[in-house]
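Worth saying up front: this structure is predicted, and the values here are computed from it rather than measured.
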Amino acid sequence: MINVNYSKGLCERIGKLRKQKGLTQEQLASRLGVTSQAVSKWENELSCPDVSLLPALADVFRVSMDELFGLSKKDVELRRGLTAEYRFNGNAQDSSGNDRHGKVTGAVLCENRFGRPNSAYYFDGKDDYIIIEPAPYVNQNAFSLSIWCNYDVNAVLDGWNHAIVSQDGHCRRRVFQLSTMDAHITFHRFLSERDLYVDSPLHKGYWYHIVVSYEEGMSKLYQNGLLVCEQPGSFTPDPEEPLYIGRKCTDEPYFFFHGMIDDLRMYDCALSADEVQELFLEDGWQPQNVPHVPVNEEKDLPVLECVDDIQIAVAKDNIHAASLWYIKYLGFKLLMEHHQEFYLLSLYKEPNLLLRSTSSENVADHLLPPVIFKTKRAVEGLIEHLKAAGAVVKKVEDEGFAHFISFQDPFGHNWVVMREKR
């Protein structure tokens, strides 16, 4: 018999661990050789599993018996829920035991943050990367990623750049992308939800420990052991999409990482704050003083940064065919599409080409401002600035990943300015 003092906590942990592993009650029952009704009774505290099943439960959940009973004083076991581990000690082998080994292209071994040779990888920012295919298992219900990175002193931090690690099928199989927006480390969630980002700009030549965790509809971003951002949202894995270290799946040149990367770990659970801190201080790491990087005040930011997109209206029935023609005969690459409402094409040099669909047979009736400018100013401040200057703000559209401000200048010309969300 299980001690009654442990029964309630054990039942609660069985339910939580089952959900973290992404298992249904039926699937857990099948692995244990019991009925789903028995599992349901455990989780509802109507009964407890037989003592003979406890080792099997711990094995399924990949926890120790102490953790199963909640007896650990501090839940900082860094191998709990580990699905992939790349310490880069002389190679890119997976040391988790799951055999998801990396294939290195171009990247070379270098010193890690402790000065140990051949214990991290250096990426030249041109064509170096590591690919893991098939990718490590990613749990839809709970997931964590831990990695160290150091941007080269010559790294160019402008716009979207420097993918640290990504499982981003580009147009369709998009899982996650840990990369950089200007000088801000960003966990990019594409068009549907707001990104998680580090508010303070990064410093080149400095080691950063980054952790991303997800559980129960909440994503968290940690930098150097501290929680810096959290956002609600969803998470959808795709086991068919490879995992890349040091780049995206595309050949966009600005996404090749320039610098050093070390100690990538992935988990099928959400790491606790204590576990994140333990990873940060692992092997006796002594935190460095964070260099001060000046932040531009709003008043110092230019109103318009650059031309971001050239846009044209295309009849909805023709937009797909038009995008294929531009790709085949003009050399464009597809960056993204959205339910045939728009296609974003690129030559991997700004500006991009944005095709917007219209239902009108007469495309001329839907003339769009030919260019979309980019700004880093806050939307509210930009609107106030434009109105004070005599412009008429026609509309502000929230497209999920960015705001689009349409206005008319005092001379009757229409403009569109995009302000990306971070």
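Within the structure, no pair that satisfies the salt bridge (charged side-chain N to carboxylate O under 4.0 Å, His left out) test touches residues 88-106, not counting sequence neighbours. Annotation: salt bridge (charged side-chain N to carboxylate O under 4.0 Å, His left out) contacts involving residues 107-119, sequence neighbours excluded, comprise Arg113-Asp262, Arg113-Asp263.
Take Lys21 and apply the side chain to side chain contact (heavy atoms under 4.5 Å, CB included) test, not counting sequence neighbours, and it matches Leu23, Phe61, Arg62, Asp268. Residues meeting the side-chain hydrogen bond (donor to acceptor under 3.5 Å, both in side chains) test with Gln223, sequence neighbours left out: none. Residues passing the side-chain hydrogen bond (donor to acceptor under 3.5 Å, both in side chains) test with Tyr122, sequence neighbours excluded: Asp152, His258. Residues satisfying the side chain to side chain contact (heavy atoms under 4.5 Å, CB included) criterion with Asp59, sequence neighbours excluded, are absent altogether. Annotation: side-chain hydrogen bond (donor to acceptor under 3.5 Å, both in side chains) contacts of Ser179 (sequence neighbours excluded): Gln177. Checked against side-chain hydrogen bond (donor to acceptor under 3.5 Å, both in side chains), Ser146 has the following partners two or more places apart in sequence or in another chain: His209. Taking the side chain to side chain contact (heavy atoms under 4.5 Å, CB included) definition, one finds that Thr236 meets it with nothing, sequence neighbours left out. Listed by chain and residue number, nothing satisfies the ring pair (Phe, Tyr, Trp, His ring centres under 6.0 Å) test with Phe332 (two or more places apart in sequence, or in another chain). Every residue two or more places apart in sequence or in another chain that forms a side chain to side chain contact (heavy atoms under 4.5 Å, CB included) with Asn118 is listed here: Leu109.
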Side-chain donor-acceptor distances from residues 280-287 under 3.5 Å, at least two apart:
{"residue": "Glu282", "atom": "OE1", "partner": "Arg265", "partner atom": "NH1", "Å": "3.0"}
{"residue": "Glu282", "atom": "OE1", "partner": "Arg265", "partner atom": "NH2", "Å": "3.4"}
{"residue": "Glu282", "atom": "OE2", "partner": "Arg265", "partner atom": "NH2", "Å": "2.8"}
{"residue": "Asp283", "atom": "OD2", "partner": "Arg87", "partner atom": "NH2", "Å": "3.1"}

